[in-house]
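Everything on this sheet refers to the single structure shown next.
On a predicted model such as this, the values are computed, not experimentally measured, just so you know. Quick note: numbers below take in every heavy atom, side chains included, and nothing from hydrogens, waters or symmetry partners. To find a chain, count down the sequence lines: A is the first, B the second, and so on, and within it residues start at 1.
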Number of protein chains: 2
Amino acid sequence: MTKYEKQIYDIVNASRQHMTADQVYGELQKIYPAVSRATVYNNLNKLCDLGMIRRLPLEDSPDRYDRIEKHDHLVCQKCGKLSDICFDDLTQSLKDQFGEAFLYYDLKVFYICPDCRNAQSSKPSI
Amino acid sequence: MTKYEKQIYDIVNASRQHMTADQVYGELQKIYPAVSRATVYNNLNKLCDLGMIRRLPLEDSPDRYDRIEKHDHLVCQKCGKLSDICFDDLTQSLKDQFGEAFLYYDLKVFYICPDCRNAQSSKPSI
DNA sequence: TTTTTGATTTAGAACTGTTCTAATAAATTT
DNA sequence: AAATTTATTAGAACAGTTCTAAATCAAAAA
């Protein structure tokens with residue numbers, strides 16, 4: 001594991017979650033100012049392949065990278081903000097259904113976040 | 001609703017599911033040979049905004065467009081093939097948790113499809 | 001009808017996020 | 001230390017999608 005790989009792993013895990021490749025690049029530059037964007041993508045891909053981090057593909061937005069620990073995501077339809085949720089675990093049920101073939105699942109729950117709801121409701125409705 | 005919008009809606013709903021924008025474009029060209037790619041994107045976006053079709057963002061693959069009817073997706077990690085599944089509905093549980101703020105959810109189950117499993121196991125293991 | 005208005009479509013340029021390439025540097029093995 | 005492998009770099013290339021500005025179409029108004 002190279003210093004970059006390790007550092008990128010730490011950044012994705014430690015920082016506020018759901019970082020874009022570019023945000024990871026920004027953080028990494030603070031430590032290694034000469035690092036290249038390619039290194040960030042290379043290592044993010046490698047870490048994903050190794051199953052050490054997860055990639056979250058989203059609509060209209062670059063991929064996010066997240067810690068592997070099992071949790072689901074809440075996505076605000078209005079502002080796009082992501083948050084973590086711990087929803088009832090579906091793993092057992094999926095294992096029952098698909099046996100060994102089952103690998104993992106990705107659950108995104110779309111909603112309107114409290115901030116956006118407040119912004120809406122504070123406007124006069126007529 | 002314009003003829004293109006209607007036609008694109010029909011293509012997404014009628015055809016084998018999970019079409020890419022390009023596949024939709026291909027189908028639409030059979031009917032309107034002069035149609036432009038921009039029209040396809042414009043109308044797919046409009047239909048998504050209207051909630052008449054859904055967009056499925058995937059890793060390493062262009063977005064797919066799908067009928068709106070509630071169902072979940074099974075994605076082969078090896079070959080990328082998508083299939084539909086009807087998993088236990090989580091809607092009520094999510095409504096209980098998030099109330100009116102809840103909109104919808106997207107569940108993708110990753111697995112190794114039967115074809116890929118067979119391809120693997122038929123290779124000698126030593 | 002014609003005219004006006006607004007929405008839709010078009011072609012292709014532009015853009016964004018990501019991957020690729022070929023050269024360089026670093027690490028590891030011999 | 002020489003040879004080999006692996007990682008990194010800069011920037012070009014690429015794919016998918018959006019944008020732009022002109023052209024066309026459709027509906028409503030005159």
Report summary line: From NZ of A/Lys6 across to P of D/dA7 the rounded distance in Å is 17 Å

Report summary line: In whole angstroms, the gap separating C1' of C/dA7 from CE of B/Met1 amounts to 16 Å

Report task. Using only side-chain N and O atoms of B/Thr20, determine if any of them is under 4.0 Å from OP1 or OP2 of D/dG16. Result -> no

Query raised in the report: What is the distance, rounded to the nearest whole Å, between atom CG of B/Leu56 and atom C1' of D/dT17?
Result: 17 Å

Report task. Could you check whether B/Thr39 gets within reach of a base, just the sugar-phosphate, or nothing at all, counting any heavy atom under 4.0 Å? Result -> base

Query raised in the report: What is the distance from OH of B/Tyr4 to C1' of D/dA26, rounded to the nearest Å?
Result: 13 Å

Report task. Find the distance B/Tyr25:OH to D/dG16:C1' and express it as a whole number of Å. Result -> 14 Å

Query - Option from A/Tyr105, A/Tyr104, A/Phe98 for which ring pair (Phe, Tyr, Trp, His ring centres under 6.0 Å) with B/Phe110 holds - result: A/Tyr104

Report task. Round to the nearest Å and state the distance from B/Glu59 atom CD to D/dA15 atom C1'. Result -> 16 Å

Requested in this report: Can you check each nucleotide of nucleotides 12-28 of chain C against protein heavy atoms at under 4.0 Å and return B for base, S for sugar-phosphate only, - for none, in 5' to 3' order?
Outcome: -----SBBB--------

Report summary line: The single option from A/His73, A/Arg67, A/Gln23, A/Arg64 that satisfies side-chain hydrogen bond (donor to acceptor under 3.5 Å, both in side chains) with A/His18 is A/His73

**Report entry** Heavy-atom donor-acceptor pair, B/Gln29 side chain to B/Gly26 backbone, under 3.5 Å
**Finding:** no

Query raised in the report: Are any of the side-chain nitrogens in A/Asp115 or A/Lys81 under 4.0 Å away from the carboxylate oxygens of its partner?
Result: yes

Report summary line: Heavy atoms of A/Thr39 and A/Ile8 approach each other most closely as O-CD1, 4.1 Å

Requested in this report: Starting from C1' on D/dT17, measure out to CG on B/Asn43 and report it in whole angstrom.
Outcome: 15 Å

Report summary line: For residues 18-38 of chain A, the salt bridge (charged side-chain N to carboxylate O under 4.0 Å, His left out) pairs (sequence neighbours left out) are A/Asp22-A/Arg37, A/Glu27-A/Lys30

Report task. Starting at atom CD1 of B/Ile8, determine the distance to atom P of C/dT8, rounded to an integer number of angstrom. Result -> 12 Å

